[in-house]
Amino acid sequence: QVQVVESGGGLVQAGGSLRLSCAASGRSISTYVMGWFRQAPGKEREFVAAINWSGGSTNYADSVKGRSTISRDNAKNTVYLQMNGLKPEDTAVYYCAGYYSTGYYASGRGSEYVYWGQGTQVTVSS
């Protein structure tokens, strides 16, 4: 029922910044937890960040904590991931995902998420 499309990826030098966007359609995501995951070549998918329905609770992977900020604008039906201080190890396809929840907690478990985008490539050069 919900479709999400990521954008904002690209090639950036180490130390640079990107803002990824996740535009949802089909229905409002105002009652959904939304998250970002990434998958690098040859590696398993890993959690990056998540935000609850209201934006009042966020959850970050240790690898990006302090460098990244997840936010949402429910009026625009859009979720963002601001990434600063990018490192080559941040290179991956970044996926936006969501699941229905009006609770407080924003899960970092990929298995909780039902709706997934097709990803946007982030490449960080050294």
Shared ILVMFWY cluster between Leu86 and Phe47, side chains joined below 4.5 angstrom? yes
Test of understanding: clusters of I, L, V, M, F, W, Y form through side-chain heavy atoms closer than 4.5 Å, transitively. Do Tyr105 and Ile70 belong to the same one? no
Side chains of Met83 and Leu20 in contact at under 4.5 Å (non-hydrogen atoms): yes
Are Tyr80 and Val4 connected in a single hydrophobic cluster, I mean Ile/Leu/Val/Met/Phe/Trp/Tyr linked by side-chain heavy atoms less than 4.5 Å apart? no
Are Phe37 and Val114 connected in a single hydrophobic cluster, I mean Ile/Leu/Val/Met/Phe/Trp/Tyr linked by side-chain heavy atoms less than 4.5 Å apart? yes
Okay, side chain of Arg72, backbone of Val33: is any donor-acceptor separation there less than 3.5 Å? no
Measure from the side-chain N and O atoms of Asn59 to the backbone N and O of Ala50, and report whether any donor-acceptor pair falls under 3.5 Å. no
Under the 3.5 angstrom rule, does the side chain of Asn74 hit a backbone N or O of Asn77 as a donor-acceptor pair? no
Salt bridge (Lys or Arg N to Asp or Glu O under 4.0 Å): which pairs involve residues 81-96, sequence neighbours left out? Arg38-Asp90, Arg67-Asp90
Treating Ile, Leu, Val, Met, Phe, Trp and Tyr as nodes and any side-chain heavy-atom pair under 4.5 angstrom as an edge, say whether Leu11 and Val122 lie in one connected cluster. no
In Å, rounded to the nearest 0.5 Å, how long is the span from CD of Glu6 to CH2 of Trp36? 5.5 Å
Let me confirm one number: the OG1-CD distance from Thr91 to Gln121, rounded to the nearest 0.5 Å. 7.0 Å
From the options Tyr100, Trp53, Tyr99, select the one residue that forms a ring pair (Phe, Tyr, Trp, His ring centres under 6.0 Å) with Tyr32. Tyr100
OH of Tyr104 to OG of Ser54, rounded to nearest 0.5 Å, is 8.0 Å
Let me confirm one number: the OG-CG distance from Ser68 to Leu18, rounded to the nearest 0.5 Å. 10.0 Å
Heavy-atom closest pair, residues Gln39 and Arg45: NE2-N, 3.8 Å
Search all heavy atoms of Pro88 against all heavy atoms of Ser126 and return the closest pair with its distance. CG-CB, 3.9 Å
Starting at CE of Met34, measure out to OG1 of Thr78 and round the result to the nearest 0.5 Å. 9.0 Å
With heavy-atom distances below 4.5 Å as the criterion, would you say the side chains of Ser7 and Thr120 are in contact? no
Note, Tyr95 side chain near Val48 side chain (heavy atom, < 4.5 Å): no
